[in-house]
Amino acid sequence: MIRKISIALFICLLAPTAFTQTTGTLKVSVTTAGTGLAGKNYYPQNIIAIWVEDASGKFVKTLLAQAQMRRMHLSKWMASTKAAGSTFDMTDAVSGATNRNHATRVCTWDGTDAKGNTVADGTYKICMELTDIDAPGNYASFTVTKGPKADKQTPANQKSFTAISLEWVPGTVVTSGR
């Protein structure tokens with residue numbers, strides 16, 4: 001009996017771990033505002049990046065990057081992408097030059113990483129960074145849950161970010177082995 005239990009336990013330990021991946025779409029909407037730093041403003045011109053990190057802070061994917069020549073001032077985005085081995089990675093991101101005005105910015109995440117692989121369900125951070133000066137500006141992050149249940153949030157306004165809306169709409173659930 002003990003031998004049968006030991007064999008069963010051994011097989012379970014060797015078997016691949018199953019994990020769930022849910023397809024779907026996260027819609028991110030945010031209205032930008034000036035950094036409020038007097039003297040150095042290029043207001044209303046501004047640069048912004050919105051990206052996804054996993055629960056441990058590891059870069060997953062850039063969703064929006066509207067910055068060209070001055071993108072080095074988006075220091076948190078730069079550090080996140082650099083740590084992942086691809087500084088300023090904009091694969092599949094909405095991208096463009098410096099914004100002429102503050103406005104509502106909208107982007108989506110399809111639940112994949114920068115390589116196009118569907119990531120495991122779980123907690124993710126939606127990170128936003130904006131500046132309208134030649135220096136680091138304002139940063140905010142919000143936690144969302146990617147999974148088989150919808151997750152709709154309207155977080156409180158942050159410096160430079162207002163009317164924030166995050167909405168995960170799940171699609172198909174797939175369980176696979178690791």
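Please read all numbers here as calculations on a predicted model, not as lab measurements. Just so it is clear, the values below take in all heavy atoms, side chains as well, and ignore hydrogens, waters and symmetry mates.
A side-chain N or O of Lys61 and one of Thr112 form a donor-acceptor pair less than 3.5 Å apart. Ser80 and Glu53 are linked by a side-chain donor-acceptor pair at a separation below 3.5 angstrom, with hydrogens and angles left out of the test. A donor and an acceptor atom, one from each side chain of Thr81 and Thr87, are nowhere located under 3.5 Å apart. At a cut-off of 3.5 Å, with distance as the only test, a side-chain donor of Asn138 or Ser160 sits close to an acceptor on the other residue.
Checked by atom type and distance alone, the side chain of Gln21 pairs as donor or acceptor with a backbone atom of Thr118 at under 3.5 Å. A distance-only check finds no donor-acceptor pair linking the side chain of Thr22 to the backbone of Pro170 [under 3.5 Å]. No donor-acceptor pair under 3.5 Å is formed between the side chain of Gln45 and the backbone N or O of Arg100.
Hydrophobic clustering of Ile, Leu, Val, Met, Phe, Trp and Tyr side chains at less than 4.5 Å, counting indirect connections, unites Tyr139 with Trp77. Both Leu64 and Phe161 belong to a common hydrophobic cluster when Ile, Leu, Val, Met, Phe, Trp and Tyr are linked at side-chain heavy-atom distances under 4.5 angstrom. Leu74 and Leu63 sit in two unconnected hydrophobic clusters of ILVMFWY residues. Membership requires side-chain heavy atoms under 4.5 Å apart, directly or through other members. Under a hydrophobic-cluster definition in which Ile, Leu, Val, Met, Phe, Trp and Tyr are linked whenever side-chain heavy atoms come within less than 4.5 Å, directly or via other members, Val119 and Val28 are assigned to the same cluster. Residue Val52 is not grouped with residue Met90 when hydrophobic side chains (ILVMFWY) are merged at heavy-atom distances under 4.5 angstrom, including chains of intermediate members.
In this structure, Lys76 places its NZ atom where only 12 or fewer heavy-atom neighbours from other residues, nucleotides or ligands lie under 6.0 Å away.
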Inset, instruction - Go through Tyr124 and Trp109 one step at a time and tell me if the ring-ring contact (aromatic ring centres under 6.0 Å, His included) criterion holds. - result: CA-CA 11 Å; Tyr124 291 86; Trp109 179 43; 5.3 Å; yes

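Across Thr123, Asp54, Asp121, a single residue satisfies side chain to side chain donor-acceptor pair (under 3.5 Å) together with Lys146, and that is Asp121.
In this view, His102 and Tyr43 satisfy the ring pair (Phe, Tyr, Trp, His ring centres under 6.0 Å) rule, not counting sequence neighbours.
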